[in-house]
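A short worksheet on the structure shown next.
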Amino acid sequence: MADVRDILDLETPAAPEVTKEAILGSDKRARKRPENTRTSKRPEGMNREVYALIRQDNNVVPPLYPTDTGKGYSKIKAKLGMKRVRAWEWTPFTNPARTDGAIFHHWRRVVDAGKEYPFAVFNKKVPIPTYTHTEYVQHLVTSGWTEAETDHLFDLCKRFDLRFIIIHDRWDKKFTARSVEDLKNRYYQVCASLNKVKNQHEKIYHYDYEHEKKRKEQLKKLFERTQKQVEEEQTLLIELRKIEQRKKERDRKTQDLQKLITAADNQTETKKNDRKSSKKTNTTSRQKVSRSDSTNTGKLHVAEPTGIKFPDVKNSGVSLRSQRIKLPSSLGQKKMKGIEQTLVELNIDSNPPPTEQICQQFNELRSDIVLHYELKQALNTCNFELQSLRHQYEAMLPGQTLTIPPSLLPDQSVNKTDAAGSTTGATNA
């Protein structure tokens with residue numbers, strides 16, 4: 001803040017600045033300055049920065065040349081060598097880049113006498129092809145250009161290192177007036193023809209005359225636009241951005257509408273499929289409950305038997321065959337307990353050796369057990385419905401009894417087997 005106030009020539013505040021040391025106190029002891037060092041007072045009206053440049057606290061005058069030692073020149077001893085000073089002399093020299101033979105003088109070491117001018121390595125010139133009168137007559141003759149004009153062009157190219165703007169400015173007025181594009185086109189045509197004739201393996205540059213001419217015409221039109229035309233162009237660009245934005249918004253709304261239509265169609269198809277599946281389920285349940293003819297009395301026809309659907313274990317790496325006999329988690333606890341109880345009754349191990357044949361047959365066995373369990377549940381449900389219908393009929397018509405046809409009654413052998421199975425299960429329990 002003190003620096004800013006001094007630069008802006010502002011008055012210093014009357015109240016002292018509140019610092020951490022002023023509030024908490026400082027434990028550091030005041031250092032005593034040596035008696036031989038005295039601080040001089042800054043003259044009135046002189047800026048602090050100017051005074052710091054001409055005087056320091058230790059009364060040492062600052063060096064005239066900036067140093068990076070931080071100690072000043074007065075505290076560093078001069079390091080004088082014992083070797084002799086290298087000899088220099090005022091010698092003349094010529095620059096190879098100049099063709100006029102001008103002689104200049106400079107200081108140079110005596111040991112470097114006779115060496116080439118060191119900056120001569122930067123004298124790079126563009127190689128300009130040359131041709132003879134016979135070559136021009138045989139290969140370079142073209143309409144609109146004479147041999148004298150072509151010679152003058154190549155002489156300017158050699159003098160000014162293919163700076164075609166300067167070449168166009170120095171073009172002789174006694175010849176036909178040429179544009180920069182005309183000069184470039186003629187030069188590159190001659191170079192390409194000479195490369196083909198001399199079988200040189202140099203790179204051939206192709207100059208697109210029409211494209212360059214159109215480009216410069218467009219650039220000239222762009223440079224000569226008026227302020228009104230610039231404002232009109234800006235307005236058109238703004239309108240173009242608005243049109244593109246509206247188009248994007250319209251496309252987005254069209255996509256959203258298409259998504260809604262597709263979702264509605266999918267929902268309608270799902271409802272139709274649900275209705276068809278419900279009809280198929282009712283028909284299947286009726287087929288399960290219905291009996292066959294009198295010759296097949298007591299046997300149920302199952303259209304689509306259910307069981308366990310084991311997932312296909314298809315891993316990219318190594319897998320265990322025992323994963324194939326693992327029951328799916330969606331099977332349910334009741335069915336799993338029923339499978340375990342049936343395997344115990346049949347004296348079959350619940351975890352057999354997982355060979356290829358055992359895995360397949362063990363899965364088929366457990367699937368048949370689940371199918372048998374489901375068929376038993378379906379049979380018990382049908383019997384319960386028959387009994388409930390008979391009781392409802394007798395309640396609605398007192399004194400009358402509903403006679404159930406023998407084809408709808410359950411098979412006595414199945415009941416006996418179920419009763420025996422339940423008794424065995426209770427005994428084992």
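FYI, the numbering just counts along the sequence from 1. Note that the structure is a prediction, hence the values are computed from the model and not measured.
In this structure a side-chain-to-backbone donor-acceptor pair under 3.5 Å is missing from N185 to E181. Formation of a donor-acceptor pair under 3.5 Å by the D155 side chain with backbone atoms of D151 is not found in this model. R225 places a side-chain N or O within donor-acceptor distance of the main-chain N or O of L222, the cut-off being under 3.5 Å.
Taking the six-membered ring where the residue is Trp, the centroids of H152 and F175 are separated by under 6.0 Å. The aromatic ring centroids of Y207 and Y187 lie 6.0 Å or more from each other.
Side-chain contact check for K158 versus F154: every heavy-atom pair is 4.5 Å or farther apart. Within the 4.5 Å cutoff, side-chain heavy atoms of I167 are placed close to those of C157. No side-chain heavy atom of E147 sits less than 4.5 Å from a side-chain heavy atom of V141.
When each of R250, E249, Q245 is checked for a side chain to side chain contact (heavy atoms under 4.5 Å, CB included) with K247, only R250 meets the rule.
Side chains of T254 and D251: a donor-acceptor N/O pair is absent below 3.5 angstrom, by distance only.
The residues R178 and E149 are annotated as salt-bridged, a charged nitrogen and a carboxylate oxygen being separated by less than 4.0 angstrom. Using a 4.0 Å cut-off between charged nitrogen and carboxylate oxygen, E212 and R215 count as a salt-bridge pair. In this structure, D256 pairs ionically with R252, as a charged nitrogen and a carboxylate oxygen lie closer than 4.0 Å.
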Practice item. Could you walk me through whether I348 and L365 pass side-chain contact (heavy atoms from CB on, under 4.5 Å), step by step? Key: CA-CA 11 Å; I348 298 177; L365 174 62; 3.6 Å; yes
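C382 contributes atom SG, which lies 12.0 Å from atom CD of Q387 (distance to the nearest 0.5 angstrom). Rounded to the nearest 0.5 Å, atoms CD (E394) and CD (Q392) are 11.0 Å apart. For the atom pair I339 CD1 and H372 NE2, the distance stands at 13.0 Å (nearest 0.5 Å).
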